[in-house]
Amino acid sequence: MTTVKIINKSNNSLPEYGTASAAGMDLRANLESPITLAPLQRTLVPTGLFIELPVGFEAQVRPRSGLAIKHGISVLNSPGTIDADYRGEISIILANLSNESFVIENGERIAQMVVAKHEVVKWEEVEILNETDRGEGGFGHTGKK
């Protein structure tokens with residue numbers, strides 16, 4: 001288990017895992033008044049949270065499946081990445097992909113955050129890459145068999 005420093009300037013509880021096996025923690029809106037998100041509109045929703053991730057870790061912000069299927073609400077730059085050296089407030093870019101307005105209330109669970117280790121790579125320029133069965137095929141090239 002990794003410890004992450006957090007400042008909570010909201011009235012909401014800290015993000016927590018819903019179950020023992022959950023990968024993501026729910027993030028909540030920190031609002032003085034509700035936000036109405038019209039169809040195809042996007043907005044930046046503050047959480048009141050500030051974190052200090054250890055070097056070698058990132059936090060990924062992802063949509064909540066319930067908001068996506070029930071209301072067409074998604075995280076626009078999904079997954080959004082929070083780097084270990086970022087110290088600003090975590091804010092979520094939400095988009096309304098439905099045909100109906102959606103009201104975001106203070107304390108509402110608006111996204112989920114997954115904290116994960118990542119690698120730093122060193123590039124090695126070469127003239128040729130090793131062959132694979134797939135080769136250059138992509139974007140549905142395998143079709144249905």
Side-chain angles (χ1 to χ4, degrees), residues 1-125 129 132-145:
M1 182 174 295
T2 300
T3 300
V4 175
K5 295 178 183 177
I6 187 167
I7 295 172
N8 185 359
K9 293 187 178 180
S10 77
N11 291 324
N12 301 314
S13 58
L14 292 178
E16 58 187 359
Y17 298 100
T19 66
S21 298
M25 298 171 271
D26 286 334
L27 296 174
R28 296 179 180 271
N30 181 42
L31 304 173
E32 292 181 14
S33 59
I35 296 173
T36 299
L37 196 56
L40 300 180
Q41 184 182 14
R42 60 189 178 272
T43 192
L44 192 61
V45 182
T47 65
L49 300 174
F50 302 75
I51 61 175
E52 182 180 323
L53 292 168
V55 172
F57 283 79
E58 68 163 329
Q60 294 182 358
V61 178
R62 302 174 181 182
R64 291 192 63 246
S65 57
L67 280 181
I69 191 66
K70 294 176 186 173
H71 304 286
I73 304 301
S74 189
V75 175
L76 192 56
N77 62 326
S78 180
T81 296
I82 301 169
D83 294 310
D85 58 352
Y86 178 68
R87 294 296 182 268
E89 180 176 12
I90 296 173
S91 295
I92 312 302
I93 304 170
L94 288 184
N96 183 351
L97 304 177
S98 78
N99 295 323
E100 298 178 9
S101 291
F102 180 78
V103 178
I104 304 164
E105 302 282 350
N106 182 52
E108 185 160 1
R109 296 177 301 156
I110 56 170
Q112 60 179 324
M113 180 173 66
V114 174
V115 176
K117 289 182 180 181
H118 69 83
E119 294 292 327
V120 175
V121 301
K122 176 181 141 191
W123 295 112
E124 177 187 352
E125 285 194 71
L129 300 175
T132 67
D133 289 340
R134 180 177 183 172
E136 294 182 16
F139 301 101
H141 79 285
T142 58
K144 293 184 180 182
K145 294 183 181 183

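- The backbone N or O of D85 lies less than 3.5 Å from no partner atom in the side chain of D83, so there is not a single donor-acceptor pair.
- Considering all non-hydrogen atoms of both residues, A111 and V75 come closest at CB-CG2, 4.0 Å.
- For F102 against N96, the heavy-atom pair with the smallest separation is N-ND2, 3.7 Å.
- Rounded to the nearest 0.5 angstrom, Q60 CD and E58 CD are separated by 4.0 Å.
- Side-chain atoms of N12 come within 3.5 Å of backbone atoms of A29 as a donor-acceptor pair (strictly under, hydrogens ignored).
- Taking NZ of K117 as the reference point, atom CG of L53 lies at 13.5 Å (rounded to 0.5 Å).
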>> side-chain contact (heavy atoms from CB on, under 4.5 Å), that's the test. Do I110 and I104 meet it? Break it down for me.
In response: CA-CA 8 Å; I110 56 170; I104 304 164; 3.9 Å; yes
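- Between the CD1 atom of I35 and the OG1 atom of T43 there is a distance of 4.5 Å, given to the nearest 0.5 Å.
- Between P63 and S78, the closest heavy-atom pair is CD-OG, 3.0 Å.
- Between E89 and G48, the closest heavy-atom pair is OE2-N, 2.6 Å.
- Between atom CG of residue N30 and atom CD1 of residue I92 there is a gap of 11.5 Å, rounded to the nearest 0.5 Å.
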> Hey, mind stepping through I7 and L49 against side-chain contact (heavy atoms from CB on, under 4.5 Å) and telling me if it holds?
Replying inline: CA-CA 6 Å; I7 295 172; L49 300 174; over 6 Å; no
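- Residues R62 and P79 have side chains in contact (heavy-atom distance under 4.5 Å, counting atoms from C-beta outward).
- Side-chain atoms of R28 come within 3.5 Å of backbone N or O of G107 as a donor-acceptor pair.
- When side chains are defined from C-beta on, P34 does not count as touching N106, because their heavy atoms never get closer than 4.5 Å.
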> So I6 and E52, side-chain contact (heavy atoms from CB on, under 4.5 Å) or not? Walk me through it.
Replying inline: CA-CA 6 Å; I6 187 167; E52 182 180 323; over 6 Å; no
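- The main-chain N or O of D26 is never found under 3.5 Å from a side-chain atom of Q112 such that the two would form a donor-acceptor pair.
- Counting heavy-atom neighbours within 6.0 Å of I69 CD1, excluding the residue itself, gives a total of 12 or less.
- Put simply, CG on L67 and OG on S74 are 9.5 Å apart, with the number rounded to the nearest 0.5 Å.
- M113 approaches I51 most closely through the heavy-atom pair SD-CD1, 4.4 Å.
- Counting only heavy atoms from C-beta outward, the side chains of V115 and M25 approach each other to under 4.5 Å.
- Annotation for N8 and S10: closest pair OD1-OG, 2.6 Å, computed over non-hydrogen atoms.
- Here the straight-line distance linking atom CD1 of I90 with atom OG1 of T47 works out to 5.0 Å at 0.5 Å rounding.
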>> With side-chain contact (heavy atoms from CB on, under 4.5 Å) as the criterion, how do R87 and F50 come out once you've worked through the C-alpha distance, each side chain's angles and the decisive distance to 0.1 Å?
In response: CA-CA 6 Å; R87 294 296 182 268; F50 302 75; over 6 Å; no
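- Considering only heavy atoms from C-beta on, L31 comes within 4.5 Å of V45 through its side chain.
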